[in-house]
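Okay, so here's the structure we're looking at.
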Amino acid sequence: MRRWNGWGQDSTDYPLPESARTYLAGLIGSGSTTADAPMDQLLAAVPVSRLPPNPLLSLEAKDRLLHACGQSLPDWVGLHMGRLPAFPDAVAYARSEEDVRAALAFCRKSGAALIPYGGGTSVVGHINPLPGGLPTVTLDLSPMQRLLSLDETNSVAVFEAGVRGPDLEERLAARGYTLGHFPQSFEFSTLGGWIATRSCGQQSFYYGRIEDLFAGGHVETPVGAIDMPELPASAAGPDLRHLLLGSEGRLGVITRASVRVRRRPETEAFYGVFFPDWASGAEAVRQIAQSGLAVSMLRLSDAQETETTLVLAGKPDLTRWADRGLRLAGYRDQRSLLILGITGEHSLTRETLRHALAVCRRHAGLFPIAMIGRMWQKSRFLTPYLRNTLWSRGYTLDTVETALPWSRALPAAQTIQQTLRGAFEARGERLLVFTHLSHVYTDGASVYTTFLFRRADDPDETLAIWRAAKQAVSRAIVDLGGTISHQHGVGLDHAPFLEAEKGASGMVLLRSACRALDPDGILNPGKLLLAQRDG
Ligand SMILES: Cc1cc2nc3c(=O)[nH]c(=O)nc-3n(C[C@H](O)[C@H](O)[C@H](O)COP(=O)(O)OP(=O)(O)OC[C@H]3O[C@@H](n4cnc5c(N)ncnc54)[C@H](O)[C@@H]3O)c2cc1C
């Protein structure tokens, strides 16, 4: 069963070795291990629904609790400490487009807000009802998960939007195909959620981001439906798909989507390559990204992330052995680990690997280590489970991410880390902070920073320190000229920083689009665009 107050299936754990506990305690101290609030405490806090009974709706407290939030840090604190600020008044489960239309009509008629809900994996407050806001219906799309068609001539599949990653891939694999969209939240996130948040999979360099894969679809809005035909390309004015991509439930409910699929690759392999430091690794990665080589992934950790990854890997003997070997070879404390992914036909991948490694060698990259690549591949969707273990040991974490041109990416990463460190030090707390370049492009890279700190006995204290740091680092990111999000989206947490990227006229355009399709302002209020400006 899915954990109600953490990540993943409750049958799966990510144990933390003793050596990792000692490491964390040494770096940032020991955190509070206050017991979690039981589910009953949260159920008792669910208020009486403000909506009348209706066959479309579940008013059950448990349904409302399970749809009250996602995976952001405030969501974690709220669930674990029994203090969520708001719950939906009802949950509706959509089994068909007719159900979606009925839910929209109900909300319009009764003046209720409607929040489309995919897999509930948002990390920036996309699916939380607003405290004191309109009565709210959360519309869960998960029953809509069918593969409707697979056109092998055109390599296009049509799915209902509520399909989750593993189900989508399983249905395609049965016919020899793949979409190749693998965000780390793959286990639970859905096709509709990926489109609505402009999500990015780990191997996007080869398969493309969701905007490259999304070929067309069907959206139900309060004023009628929009069909976006699947076309290989079009010069017929602005592309409506791009308005829907990243619309975060504000413009309508995506009910089905056509996606560009491929034949499953003959080879999908990952390798670890060590560099003496992050800067040389980044130079190699930039050159590979600009060389036109068909690698599928270039994920480059800074020195702190490289060290932490090895410590948390849970294989102390192996990491001691690796550490000794690397030191002997001259790769010391500043060493930086690249995970290099190669995907495609055997003959081509051999050549791609040869060329990519030649670039790595020119920047002092060590020989490729297949075992590290295999370990990464094995745990690629398991790593988020570590968050559960860390919480129970007294620690919590969050991530911030942006994208910048190559010329500014590494200095920006430094500023981001310093800003976070400064915000925590101002409150007398130490921080473990590390960064990787997570996705690369010919003109730049995404900079993905994780920060880990002790949780306090008092949840308000944990939230206050997180808020101050999040505010400061978001400001720093936009001041650096980076996007406020490369892949997680805007939601509630990033909404105050959107205008820095879109400009005043851009914001007018976005607000007008919302008003045109949602004249009553019922669709996911307060997300993407700040609540007070919605009208
Ligand atoms: C552990 C973890 C790892 C993650 N890794 C990645 C990653 O590698 N890459 C990445 O891009 N993101 C990542 N994320 C963020 C998150 O998984 C993505 O934003 C994902 O696309 C959300 O999909 P979802 O189905 O869970 O949507 P939800 O969280 O349910 O909803 C997100 C937003 O989409 C809207 N929405 C959902 N479905 C529809 C629909 N059918 N029609 C209209 N609007 C809809 C919602 O209203 C909401 O605004 C990660 C999150 C976690 C917790």
Side-chain angles (χ1 to χ4, degrees), residues 3 6-8 14 67 69-73 75-76 88 94 97 100 103-104 113-129 136 138-145 159-165 168 181-204 209-211 217-221 226 244-257 297 299 380-388 397-399 401 436 438-439 446 448 450 485-492 494-495 517-518 523-529:
R3 276 191 178 84
W7 178 256
Y14 191 127
H67 291 82
C69 65
Q71 293 284 326
S72 74
L73 186 134
D75 295 340
W76 266 63
E97 271 162 15
V100 173
L104 280 167
L114 182 145
I115 302 181
Y117 182 103
T121 66
S122 159
V123 282
V124 288
H126 279 115
I127 45 178
N128 305 51
T136 298
T138 293
L139 181 64
D140 185 329
L141 277 295
S142 62
M144 294 182 67
Q145 47 157 290
F159 280 96
E160 289 183 318
V163 65
R164 286 182 182 176
L168 176 144
H181 188 73
F182 302 112
Q184 203 183 38
S185 56
F186 175 73
E187 212 180 332
F188 298 100
S189 54
T190 64
L191 176 57
W194 299 338
I195 296 165
T197 60
R198 294 186 86 98
S199 145
C200 190
Q202 290 167 335
Q203 286 155 275
S204 64
R209 291 170 61 96
I210 198 67
E211 57 259 41
H218 182 90
V219 183
E220 291 289 342
T221 85
I226 300 179
L244 264 302
L245 281 157
S247 57
E248 304 193 351
R250 293 297 309 245
L251 294 177
V253 182
I254 303 156
T255 56
R256 65 193 127 96
M297 199 182 81
R299 184 187 193 281
R380 64 191 291 188
F381 305 125
L382 198 61
T383 318
Y385 284 84
L386 187 55
R387 199 176 177 190
N388 301 323
L397 62 83
D398 198 10
T399 57
E401 35 89 46
H436 64 267
S438 67
H439 298 81
S446 88
Y448 190 103
T450 302
S485 176
H486 164 266
Q487 63 193 65
H488 290 161
V490 179
L492 278 178
H494 295 153
L517 295 182
D518 176 27
L523 285 175
N524 209 3
K527 319 303 161 46
L528 187 67
L529 307 169

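Computed over heavy atoms, backbone and side chain alike; hydrogens, waters and symmetry mates excluded. Order of listing sets the numbers, starting from 1, for every ligand and every atom in it.
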Would you check if [X] and [Y] make a side-chain contact, meaning some heavy-atom pair closer than 4.5 Å?
| X | Y | answer |
| --- | --- | --- |
| Gln487 | Ser438 | yes |
| Thr221 | Leu104 | no |
| His488 | Thr399 | yes |
| Trp76 | Asn388 | yes |

Quick one: look at [X] and ligand 1, take heavy-atom pairs under 4.0 Å, and tell me if it's side chain, backbone, both or neither.
| X | result |
| --- | --- |
| Trp7 | side chain |
| Val219 | neither |
| Gln71 | side chain |
| Ile195 | neither |
| Val123 | side chain |
| Thr197 | side chain |
| Pro384 | side chain |

Among protein heavy atoms, which lies nearest [atom], and at what distance?
| atom | answer |
| --- | --- |
| atom 48 (C) of ligand 1 | His126 CB, 3.4 Å |
| atom 31 (O) of ligand 1 | Ile127 CG2, 3.7 Å |
| atom 27 (O) of ligand 1 | Gly193 CA, 3.6 Å |
| atom 24 (P) of ligand 1 | Gly119 N, 3.4 Å |
| atom 51 (C) of ligand 1 | Thr121 O, 3.3 Å |
| atom 29 (O) of ligand 1 | Ser122 N, 2.9 Å |
| atom 42 (N) of ligand 1 | Ile254 N, 2.8 Å |
| atom 12 (N) of ligand 1 | His488 CD2, 3.8 Å |

What I want to know is whether [X] and ligand 1 share at least one N or O pair that is separated by under 3.5 angstrom.
| X | result |
| --- | --- |
| Ser189 | no |
| Gln202 | no |
| Gly118 | yes |
| Ala196 | no |
| Arg198 | no |

Item checked: Geometric class of the Trp7/Phe188 ring pair [parallel <30°, tilted 30-60°, perpendicular >60°] -> perpendicular

Contact with ligand 1 for [X], non-hydrogen, under 4.0 angstrom:
| X | result |
| --- | --- |
| Gly120 | yes |
| Cys200 | yes |
| Gly252 | yes |

Hey, could you give me the [atom1]/[atom2] distance between [X] and [Y], rounded to the nearest 0.5 Å?
| X | Y | atom1 | atom2 | result |
| --- | --- | --- | --- | --- |
| Gln202 | Met297 | CD | CE | 6.5 Å |
| Arg299 | Gln203 | CZ | CD | 12.0 Å |
| Ser189 | Gln71 | OG | CD | 11.0 Å |
| Tyr117 | Thr138 | OH | OG1 | 8.5 Å |
| Arg198 | Leu244 | CZ | CG | 10.5 Å |

Checklist line | Presence of salt bridge, Glu211 and Arg209, under 4.0 angstrom | finding: yes

Next item on the list: Show the numbers, then the answer: is there a side chain to side chain contact (heavy atoms under 4.5 Å, CB included) between Arg387 and Leu397?
Entry: CA-CA 7 Å; Arg387 199 176 177 190; Leu397 62 83; 4.2 Å; yes

Notebook entry, point to check: Between the candidates Arg164, Gln184, Arg256, which shows the shortest non-hydrogen contact distance to atom 5 (N) of ligand 1?
Noted result: Gln184

Check: Which of the listed options, Ser204, Pro116, Ala94, Ser185, holds the heavy atom that is closest to atom 47 (O) of ligand 1?
Finding: Pro116

Check: What residue among Val253, Ile254, Val100 forms side chain to side chain contact (heavy atoms under 4.5 Å, CB included) with Val219?
Finding: Ile254

Check: Judged by atom type as modelled, is there a donor-acceptor pair below 3.5 Å linking the side chain of Asn524 to the main-chain atoms of His126?
Finding: yes

Next item on the list: Please list, chain by chain and in numerical order, all residues satisfying ring pair (Phe, Tyr, Trp, His ring centres under 6.0 Å) with His486, sequence neighbours excluded.
Entry: His439, Tyr441

